[in-house]
Structure formats: C-alpha cells, structure tokens
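Count residues from 1 along the sequence. All heavy atoms count here, side chains included; hydrogens, waters and symmetry mates do not. All ligand and atom numbering here is 1-based and tracks the order in the structure. The structure displayed is predicted, hence computed values, not measured ones.
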Amino acid sequence: MLILRAMTDAHISLADIEAAQAKIRPHVLRAPLVPAFPLSDAVGGEVRLKLEMLQATGAFKLRGATNAILSLSDADRARGVVTCSTGNHGRGVAYAAHLQGVRAVICMSELVPQVKIDGIKRFGGEVRIVGKSQDEAEVEAMRLMRDEGLIYISPFDHPHVVAGQGTIGLELVEDWAEMDTVVVPLSGGGLLAGIAAAVKAKRPSARLIGVTMERGPAMYDSLRAGKPVEVVEEPTLADSLGGGIGLDNAHTFAMVRDLVDETVLVSEAEIAAAMRALYRDQQIVCEGGAAVGVAALLTGKIDAKDRHTAVIVSGRNVDMDIYTRIVNGEDVDLAKERR
Ligand SMILES: *Cc1c(COP(=O)(O)O)cnc(C)c1O
C-alpha cells in the first residue's frame, strides 16, 4: 500500500497535463498530424506523423519549457532560471523565458560548438561558458542555483516539463479517434511519460512504445535493471537522445515503467535510413533523435499491421553537413569520425 502510494505520487496526472494545455496553448504550435503514405503501405497499417519539429525552436521541448516558465511564482520569475542543456531544452528554455521576460542562463562548456551557442543566444538566452566538460557546466548551473537563487529547470525529470510534453498526447487523442498505437522517441523520458499519462488516461487500450538508439540507451537499460542505471555515452546520430536519466530520478522512470508497453532499440544505420526516407518520401527534415520512431517501423521492430499508429517526429536541429551526407546516401557513423 505504501509502495503503491509512492508510485502514484511520482506520476504526473491527466489534470496536470490539462492545466498545462490551457497555459501553453497561446504560446506553442499545435503541430499537424499528417498521413505518412509510403510508410503506411510499407507497414500494412495507417501511420500518421506528429510534426513537432515545426515548433519555433525546432523541437517539442518548447512545450515543457513554456509550461515550466509559466508555472513559476512571481518571486521565482524575478530570480530567473538556469539550465545546462546545449540542445533543444536549452533553446526551449531560452525562448520561453525571453518571451515571458524572465532571465535565463544556459551554462555550457568551452567545447560546445559556436552554432549551438549562437542558437541559444538567438532565442534570447544568456550563455555562460565554463570549464572543459558538460559536467563542469552542470556544476556551474548548480552553483548559480545555490548562490544566486536561480531556478533550475531539468530537461525531463520535472513535473511541469512532463506535463507540458504530455499536451502532445491530448492533441493526438483529440485529432485521431482511431489511433491505437503511439511511437515516441525516448531519452530521459519526459516526452514519453507525459504522452503516456495523457493517452492512457483518455484511451487506455492504446499501446505506448518508446524508441531509442542502441548506443547508450539509458532508460532502456534502467527498465531492464529495475532501477535507474548509468550508461556510457557514445557518439550517435541521435545526439538529442544521449545522456542518463539521473540516478535520483523522481518521475519519468516510474511513469515509463508503469505506463509504457514496449521499448525498442534502433541502430545508427537504421536511423540514417529513416532520416533519408522522411526526406525522400515527404520532404521532412529532421534530426536523428526524431527519426527513431520511423526507423523502428521501417525495420518491422514494431508491429503496425492493421493498426493506426501515430509517430512523434520530435525535432529538426541537425548539423547541415551530416544531414546532407545522410540524405545523399551515406550511412554516417560518428564513432568513426574525428569529433
Ligand atoms: C529531448 C528530445 C527527445 C527525448 O525527450 P525525453 O523527454 O528526454 O525522453 C526526443 N527528441 C528530441 C529531438 C529531443 O530533443
């Protein structure tokens, strides 16, 4: 009984997600859900793509970041926020904070490429460069939280972030009455946990499937270990799915464990093939981490025959050189390249 209570307390509820929807609606795109014709034929079912890469910052993370910023108390708004994500979460926080007139500091190491720094600055974020590793940047973010009172916004393990991402699940249920399967890219699990909470509450019979890369699948390994475990980070085309889930994970591990039906792994070549197919068939430009759902369907790792499957295409922030090589037919393997 005690265990059950602890378990449900970790979960973000449908009411939290509905509250997030009302809050963020004026500030984020209701991304279109479009038919995927060649892919539907290939799997023998009906597939539709939720185009989250069309969000202003190029990824769905704007939803969670916007909900977190809009949920700050007046006192916390005045202090400002801090994060150390250099990727889609950093962009989302910078953009949402700027729009709301809240200070946002994004901590990064000296090794972060200039394009990423420019991306964050363009969206109104204050960049602080510290040290030679992402770990040192994280230490600085924690110091700013402690010494200057900035509010830290986790990329995934944060109730308002999970609820914000969950608004995608509400839109899917509203937009497609027959939908019975949802395929979601998986890293820290904020996206999958939020969508699963919304969809399972509204349509309990629907299957929820998470997809991640073979190289460093933190949530996948943690689910099999029965608790959060560390993974070795490896170079991957799905760079936005890299990193751990936090050994002190408070929400997303329990939610993914309790709500998700299946987790699937895809290889680097499969990710490249899916990026190519999305461009060739529908002229959709997306990053590796966003193509894993399509990759899992193309390889038959998910049974979508006679099903109605929604796939989240989660972001488009991809290096142009790597992208053009992939689209031109090369199975780029980042482990074999000088970085
Ligand atoms: C962050 C991210 C994901 C995974 O989201 P989590 O909430 O960490 O599981 C998937 N795709 C893209 C493009 C992302 O930026």
Would you say the side-chain atoms of His251 pair up with the backbone N or O of Ala10, donor to acceptor, closer than 3.5 Å?
yes

Give me the residue, atom name and distance of the protein heavy atom closest to atom 8 (O) of ligand 1.
Gly188 N, 2.9 Å

Any N/O of Pro155 closer than 3.5 Å to an N/O of ligand 1?
no

Identity and separation of the nearest protein heavy atom to atom 10 (C) of ligand 1
Leu241 CD2, 3.3 Å

Part of Gln165 with heavy atoms under 4.0 Å of ligand 1, whether side chain, backbone, both or neither
neither

Glu287-Ser240 side chain donor-acceptor pair, cut-off 3.5 Å:
yes

Who's the nearest protein heavy-atom neighbour of atom 14 (C) of ligand 1, and how far?
Lys61 NZ, 2.9 Å

Same cluster for Leu298 and Val183 if Ile/Leu/Val/Met/Phe/Trp/Tyr side chains link at under 4.5 Å?
yes

At what distance is the nearest protein heavy atom to atom 11 (N) of ligand 1, and which residue and atom is it?
Ser314 OG, 2.7 Å

With only distance considered, is Glu287 within less than 3.5 Å of ligand 1 through an N or O on each side?
no

Answer yes if the side chains of Lys23 and Ser71 hold a donor-acceptor pair under 3.5 Å, and no otherwise.
yes

Taking the six-membered ring of Tyr220 as reference, does the NZ or CZ atom of Arg224 fall below 6.0 Å from its centre and within a 45° cone about the axis?
yes

Distance filter under 4.0 Å to Ser240 heavy atoms, resulting ligand 1 atoms:
1 (C), 2 (C), 12 (C), 13 (C), 14 (C), 15 (O)

Do Ile12 and Ile17 come close enough that some side-chain heavy atom pair is under 4.5 Å?
yes

Do Gln165 and Asn67 have side-chain atoms, one donor and one acceptor, less than 3.5 Å apart?
no

For Gly190, is at least one N or O under 3.5 Å away from an N or O on ligand 1?
yes

Looking at Ile195, Leu33, Val211, which one forms a side-chain contact (heavy atoms from CB on, under 4.5 Å) with Ile312?
Ile195

If you count the atoms of ligand 1 from 1 in the order shown, which ones are under 4.0 Å from a heavy atom of Gly315?
13 (C)

Any idea which part of Met219 is under 4.0 Å from ligand 1, heavy-atom wise: side chain, backbone, both or neither?
neither

Could you tell me whether some N/O pair between Gly189 and ligand 1 is separated by less than 3.5 angstrom?
yes

Report the C-alpha separation of Glu140 and Arg128 in whole Å, then their side-chain angles, then the decisive distance to 0.1 Å, and conclude whether the salt bridge (charged side-chain N to carboxylate O under 4.0 Å, His left out) test is met.
CA-CA 9 Å; Glu140 173 66 4; Arg128 183 159 308 189; 3.4 Å; yes

Using distance alone, determine whether Leu192 and ligand 1 share an N or O pair under 3.5 Å.
no

Are Glu330 and Arg325 close enough for a salt bridge, meaning some N to O gap below 4.0 Å?
yes

Please work out, at 4.0 Å between heavy atoms, whether the side chain, the backbone, both, or neither of Ser187 comes within that distance of ligand 1.
both

Which bit of Asn88 gets closer than 4.0 Å to ligand 1, counting heavy atoms only: side chain, backbone, both or neither?
side chain

Starting from atom 5 (O) of ligand 1, what is the nearest protein heavy atom, named by residue and atom, and what distance separates them?
Phe60 CZ, 3.5 Å

